[in-house]
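Below: the structure, in structure tokens.
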There are 2 protein chains.
Amino acid sequence: MQISSRFSVGVHILALLDINKDGISSSEFLAGSVNTNPTLIRKIMGMLKKNGLIEVQPGIAGASLAKAPSDIRLVDVYKAVEVVKDQELFSVHENPLRECLVGRNIQESITPVLSAAQIALEKELENVTIEDIIKEIKKKEKDQHN
Amino acid sequence: MQISSRFSVGVHILALLDINKDGISSSEFLAGSVNTNPTLIRKIMGMLKKNGLIEVQPGIAGASLAKAPSDIRLVDVYKAVEVVKDQELFSVHENPLRECLVGRNIQESITPVLSAAQIALEKELENVTIEDIIKEIKKKEKDQHN
DNA sequence: TTAAGTTGTATCTATTATGAATACAGGTAT
DNA sequence: ATACCTGTATTCATAATAGATACAACTTAA
């Protein structure tokens, strides 16, 4: 099981929109950098737009960030691309036997733990912004030239 | 996307093995409580056995915990049932364009963040044991009778 | 106004993971 | 010898993902 690459692709798109802000970032351009097809990019861009992270207009080539890179946290991207719904990272088996002590109480007993784990993961993604990723990209690039 | 219910089923099995330790917990018995088929239970039991969490023997009905419930952490179950591999909770798009600044550095830049998030999730599962779950089950049962 | 290019969607397909189900070999016990 | 159980392989239906094609609606430039 893996969380969809829509998340990492979303981050890729946002970082590139900022780095290429003086140019035109069409879905085809972005798709080239990500190495996928423009349709998937447009689908993800639609999600990012709906959540107020980017600005795009039908018919007009290119997109741009709707906020400063320092104001976009990775958790915003994570939630925008809907890779995981709230409270539902972990699936729990349905309809355990109500005639059994464990069966009738397991769901309510385990759900808070699973929820806490999911929240811990999301909290970690709150600490990183697109600006951080961009800085890291530039740093890696610089390091490689030394 | 959701993490397989093998995890919650595994916890269910372990809790029930302890609560029913004076009885015989065959795969059919466990399957009844979980409300699934015995094959899936045996498959998961095989994983739990391989990781030293339970004891089972071919031909002999029933299984039992290999450790005290207080010594089995949920993260042990999580890893035993292999719902998620190390470093691979998040999938990252492959082969981004090397001719692009973002494309050639995005993977190395984002991987540490994703890894940290995954570890945060697992850390949360380290804090809870099967004993905790059993206590919670009994507590919920008691609360319901008042 | 026409033509070209782009976004926003819908649709189809291949691939993969899950979980239900059946079957059966091999082990155990009465 | 019979009955029961575990361990494992296999088949099947379902769902999510990602690649791909097609096209309507919109914008811009010629």
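Note that the coordinates shown come from a computational prediction; the quantities given were computed from them, not determined experimentally. Note on naming: letters A, B, ... go to the chains in the order of the sequence lines (proteins, then strands), and numbering restarts at 1 for each one.
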### Query
Under 4.0 angstrom, heavy atoms only, what part of the nucleic acid is A:Lys49 near: base, sugar-phosphate, or nothing?
sugar-phosphate
### Task
Search all heavy atoms of B:Asn35 against all heavy atoms of A:Pro96 and return the closest pair with its distance.
CB-CA, 4.1 Å
### Summary
Between CD1 of A:Ile60 and P of C:dA4 the distance, given in whole Å, is 20 Å
### Query
Which of residues 89-103 of chain A have a heavy atom under 4.0 Å from DNA chain D?
none
### Task
Remember a base hit wins even if backbone is also touched, and classify A:Gln2 as base, sugar-phosphate or nothing at under 4.0 Å, heavy atoms.
nothing
### Message
Taking atom types as they are modelled, would you say the side chain of A:Thr39 forms a donor-acceptor pair with the base of D:dT21 within the 3.5 Å cutoff?
### Response
yes
### Message
I want to check something: taking the side chain as every heavy atom from C-beta on, are A:Met47 and A:Leu53 in contact at a cut-off of under 4.5 Å?
### Response
no
#### Entry: Phosphate contact (C:dT18 OP1 or OP2) by B:Arg6 side-chain N/O below 4.0 Å
yes
### Message
Parallel, tilted or perpendicular, judged at 30° and 60°: which one describes the rings of A:Phe7 and A:Tyr78?
### Response
perpendicular
### Query
Does A:Ser27 make a side-chain N or O approach to OP1 or OP2 of C:dT6 shorter than 4.0 Å?
no
### Message
Heavy atoms from C-beta onward define the side chain here; which of C:dG27, D:dC5, D:dT17 lies closest to that of B:Glu28?
### Response
D:dC5
### Task
Choose from C:dA20, C:dG8, D:dG19 the nucleotide whose nearest atom is closest to any side-chain atom of A:Pro58.
C:dG8
### Query
Is the shortest heavy-atom distance from the side chain of A:Phe90 to the side chain of A:Val84 under 4.5 Å?
no
